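All values reported here derive from a predicted model rather than from experimental measurement. Residue numbers start at 1 and run along the sequence shown.
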Amino acid sequence: MSANLAALSYLVSGVLFILALRGLSSPVTSRAGNRNGMIGMALAIVTTLLVAGVTDALTWGLIIGGVAIGGGIGALIARRIAMTAMPQLIAAFHSLVGLAAVLVAAAAMYSPEAYGIGVEGAIRSHSLIEMSLGVAIGAITFAGSLIAFAKLNGNMSGAPILLPARHALNILLALVIVGLIVYFVTDQPHWAFWTIAGLSFVFGITLIVPIGGADMPVVISMLNSYSGWAAAGIGFTLENTALIITGALVGSSGAILSYIMCKGMNRSFISVILGGFGGETAAAGGPAESRPVKQGSAEDAAFIMKNAGSVIIVPGYGMAVAQAQHAVREMADILKKEGVKVSYAIHPVAGRMPGHMNVLLAEANVPYDEVFELDDINSQFAQADVAYVIGANDVTNPAAKSNPQSPIFGMPILDVEKAKTVLFVKRGMGSGYAGIENELFFRDNTMMLFGDAKKMTEEIVKSLG
């Protein structure tokens with residue numbers, strides 16, 4: 001394949017990646033976005049193979065075998081993965097991108113001639129810079145993603161682990177890594193490369209371990225950004241236009257998404273990276289108070305909603321855990337037939353990753369025009385007869401507005417407490433992922449519906465019928 005044709009092909013794949021990101025910004029166009037991304041990636045892979053001029057059967061066999069094994073594993077995981085496990089799956093994928101960046105950089109270091117970046121073992125200076133940055137960011141992404149996976153999957157406590165003098169340790173690690181990069185670029189010793197990789201791996205752990213579970217949506221988008229920049233760095237080393245474009249798109253979009261998530265939580269990006277949202281929580285939360293709550297049944301909830309004029313459903317992680325989205329949609333369909341106006345309120349950080357609730361509702365074929373973000377629906381709670389909260393804990397806690405001592409103070413929340421009646425579905429009185437008690441439980445207009453979210457909603461559906 002000629003250089004001009006390859007450049008054109010990479011440009012087309014880059015445009016398809018941009019269209020994919022644009023499509024994924026809305027549930028309505030998400031399928032088309034996914035399709036554009038798949039076509040763009042297939043085009044980029046084929047172009048890369050043609051540019052490489054692979055001719056021998058063994059190499060083709062290894063390539064096809066690798067694609068078959070990786071594709072088979074990916075297809076199997078995609079078919080079996082539960083929607084509740086999607087956040088940790090994303091974290092695992094980010095770790096693989098980081099690991100790939102480290103391995104490609106290592107291969108380029110040991111065989112620079114094969115990558116066209118050096119002669120007789122001497123690697124060009126700019127390639128060394130790109131390589132060392134790629135391996136550093138890749139190792140940080142790999143280790144950080146593993147910690148995020150462990151926290152989300154329950155293998156590690158979601159509470160922050162506050163290391164002694166962690167800020168000083170992170171600063172020291174960063175300075176040593178930068179110094180080693182300078183030394184590696186100057187003298188090219190292999191031990192410096194692997195030391196950079198090892199220290200970056202440790203840095204990834206110390207960076208993510210102190211971050212509490214409530215900040216996990218930001219961590220996921222942040223690691224997504226890191227994986228993109230790692231890919232872009234290796235793209236420069238390989239002089240691969242498609243990899244540079246893809247990495248830059250992923251890196252920049254992840255950074256923008258991280259900013260949006262931080263804005264949704266009224267927190268600065270730096271404060272999240274430094275850890276602590278949840279660190280203060282553990283101290284401030286203390287033991288839960290023993291206060292009386294108003295408890296109801298499925299029959300009570302069905303009677304209240306059937307006689308309501310408008311119901312706003314607020315989904316949270318509890319809905320995801322119980323896989324209750326289909327039952328919720330069935331309940332909403334019955335209410336709409338009774339003449340009740342039904343809408344859904346989504347908080348930017350509800351669930352364990354950005355867009356988690358939107359994906360679940362889309363899976364249940366909830367009409368897109370009934371789903372609203374926080375800014376668009378918050379003013380409607382005051383006019384709503386019922387707010388049906390299904391496992392959304394921290395994002396509905398009035399303490400974020402009323403208690404300056406609360407670790408979530410200042411975080412924008414859904415104003416569910418303003419509804420005439422709040423029906424809160426929850427297994428028990430336990431705190432949310434931020435580790436603090438929800439003041440909403442004890443409000444006079446709140447009725448607690450204790451039990452599994454799916455079973456409780458199904459019982460309400462039966463009572464409505």
Do the rings of Phe142 and Phe201 sit parallel, tilted or perpendicular, given the 30° and 60° boundaries?
-> tilted
State, with a plain yes or no, whether a side-chain heavy atom of Tyr344 is found less than 4.5 Å away from one of Val328.
-> yes
Side-chain H-bond candidate by donor/acceptor type, Tyr259 with Ser221, under 3.5 Å = no
Kindly give the heavy-atom pair with the smallest separation between Ala101 and Ile234, and that separation in Å.
-> O-CD1, 3.5 Å
Determine whether more than 12 heavy atoms belonging to other residues, nucleotides or ligands lie under 6.0 Å from atom NZ of Lys341.
-> no
Distance-only polar pair, side chains of Thr457 and Tyr388, donor-acceptor under 3.5 Å | yes
Measure the spacing between CG of Asn34 and CD1 of Ile39 and express it to the nearest 0.5 Å.
-> 11.0 Å
When rounded to the nearest 0.5 angstrom, what is the spacing between OG in Ser258 and CD1 in Ile220?
-> 10.0 Å
Gly144 and Ile208 have their tightest heavy-atom pair at CA-CG1, 3.5 Å
With no hydrogens and no angle check, is any side-chain donor or acceptor of Thr29 less than 3.5 Å from a backbone partner on Gly23?
-> yes
Without swapping roles, check the side chain of Asn224 against the backbone of His94 for a donor-acceptor pair under 3.5 Å.
-> no
Closest non-hydrogen atom pair between Ser463 and Ala302, with its separation | CB-CB, 3.5 Å
Euclidean distance, Ser297 OG relative to Ile460 CD1, rounded to 0.5 Å | 9.0 Å
Minimum heavy-atom distance Asn378-Leu414, with the two atoms named = OD1-CA, 3.3 Å
Could you state the interatomic distance from CE (Met331) to NZ (Lys462), rounded to the nearest 0.5 Å?
-> 15.0 Å
With salt bridge (charged side-chain N to carboxylate O under 4.0 Å, His left out) as the test, would you mind laying out the steps for Lys337 and Asp333 before giving the verdict?
-> CA-CA 6 Å; Lys337 289 179 181 178; Asp333 289 343; over 6 Å; no
Gap separating the CZ atom of Phe203 from the CG atom of Leu173, nearest 0.5 angstrom = 6.5 Å
Rounded distance (nearest 0.5 Å) linking atom CG of Asn36 with atom CZ of Arg22 = 11.0 Å
Heavy atoms of Leu360 and Ala320 approach each other most closely as CD1-CB, 3.4 Å
